[in-house]
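To keep things clear, I will list the structure first and then write my remarks on it.
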Protein chains: 2
Amino acid sequence: MSDDALWLDDAEMETWLALISLVMKLPSALDEQLRRDAKLSHFEYGVLAVLERAEDHTRRMSDLAYLCNGSLSRLSHVARRLEEAGLIERFACPTDGRATLAKLTDHGLDILAKAAPGHVALVRHLVFDVLDEDETARFGVLAKRILTRIEEG
Amino acid sequence: MSDDALWLDDAEMETWLALISLVMKLPSALDEQLRRDAKLSHFEYGVLAVLERAEDHTRRMSDLAYLCNGSLSRLSHVARRLEEAGLIERFACPTDGRATLAKLTDHGLDILAKAAPGHVALVRHLVFDVLDEDETARFGVLAKRILTRIEEG
DNA sequence: CAGGAAATATTGAACCTTCAACTAAGATTA
DNA sequence: TAATCTTAGTTGAAGGTTCAATATTTCCTG
């Protein structure tokens, strides 16, 4: 970690304040819409969405946690609630006795399909309606660069 | 809200996944360092940092909540804990009987000063070490544009 | 292959945030 | 100015997340 430059200059501070505000406010905005339209948190929506794209609508808990950007413990609690609500089911992995597989149920797929259009519309409204094609690409590149740093830690 | 384009194209999806991962992982990264070095959450650090820059190290609760990107209720709970820990104090506003003012104590300032270098170093490491001057400016502009949308909602 | 180390997942407790209800004070208006 | 509306803040309960401890299985090593 570079310790030389010990404070942020004005331009850096301006960008940092924008980023940190974005980071703190985007989740609430997404949660609000999903909670209202589908009684799901954004994290729960993410779990369903990842499963929907997975082979046989099934994934290992630990893979799922990674793909959903959450801890395994967090996922485990959420999975219990989703299972109780009948949106997913869990069962032992046949090839690795330690692993648990989570699978999207038909009901879960229904709920996801009902929630998705409103969610996508919001994402488009908040992000892609204000970024042109070029800006979208550049923004993604920079976000990924920061993300890589975070994941290295 | 535009309802026309109902799904994200590949480039948009790529950028969206990067952004949402960033949004979900940055807080934990910041929390971890601050928790370890100063026993503060990032939100608590933000409260102290905003007060430090305020006139007389004092601000109204509602202004503070806005500047910290949190709800007034959240701030109220956090302020109680910070007050119990002696990092801030609260007192009635002399000019508006409804308002409460929060003020950074000397002890709070000490704790903040102890936490700041590590925090800034982490921010620099995660963000500004991987963005040049031009990228920093552009990234800030785009983040602010999205932020504006969120705040309009 | 026995024993220890690492990986996978769950659980309960502690902690934090959100939500809704409530108190109190200032602003508005009839 | 009395009645009402709005603004500011706090609080307790409900719900979600983190952290540490635990159980179980697999992998590795001597």
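Chain naming here is simple, since letters A, B, ... match the order of the sequence lines and numbering starts at 1 in each.
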Original post:
Is the closest side-chain heavy-atom distance between A:Val123 and B:Ile20 below 4.5 Å?
Top reply: no
Original post:
Going by heavy atoms in the side chains, are B:Gln33 and B:His42 under 4.5 Å from each other?
Top reply: no
Rounded distance (Å) that lies between atom [atom2] of [N] and atom [atom1] of [X]:
X       : N      : atom1 : atom2 : answer
A:Arg81 : D:dA14 : CZ    : C1'   : 12 Å
B:His42 : D:dT18 : NE2   : P     : 16 Å
A:Glu32 : C:dT17 : CD    : P     : 19 Å
A:Asp31 : C:dC16 : CG    : C1'   : 15 Å
A:Phe43 : D:dG16 : CZ    : C1'   : 11 Å
A:Lys39 : D:dG15 : NZ    : P     : 13 Å
B:Glu44 : C:dC16 : CD    : P     : 7 Å
B:Leu40 : C:dC15 : CG    : P     : 15 Å

Original post:
Would one find a side-chain N or O of B:Arg74 under 4.0 angstrom from OP1 or OP2 of C:dC15?
Top reply: no
**OP:** Indicate for each nucleotide in nucleotides 7-14 of chain C, in 5' to 3' sequence, whether protein heavy atoms under 4.0 Å reach the base (B), only the sugar-phosphate (S), or nothing (-).
**Re:** BSBBBB--
**OP:** Anything under 30° is parallel, anything over 60° is perpendicular, the rest tilted; go ahead and classify B:Tyr45 against B:His119.
**Re:** tilted
Original post:
Just how far is it from atom CG of A:Asp132 to atom CZ of A:Arg138, taken to the nearest 0.5 Å?
Top reply: 9.5 Å
**OP:** Could you tell me whether B:Ser41 contacts a base, only the sugar-phosphate backbone, or nothing, with contacts defined as non-hydrogen atoms closer than 4.0 Å?
**Re:** nothing
Original post:
side-chain contact (heavy atoms from CB on, under 4.5 Å) between B:Met13 and B:Leu17: does it pass, once the steps are laid out?
Top reply: CA-CA 6 Å; B:Met13 182 56 92; B:Leu17 291 180; 4.0 Å; yes
**OP:** Compute both the distance and the angle, then confirm whether A:Lys144 meets the cation-pi test with B:Phe139: under 6.0 Å from the six-membered ring centre, within 45 degrees of the axis.
**Re:** no
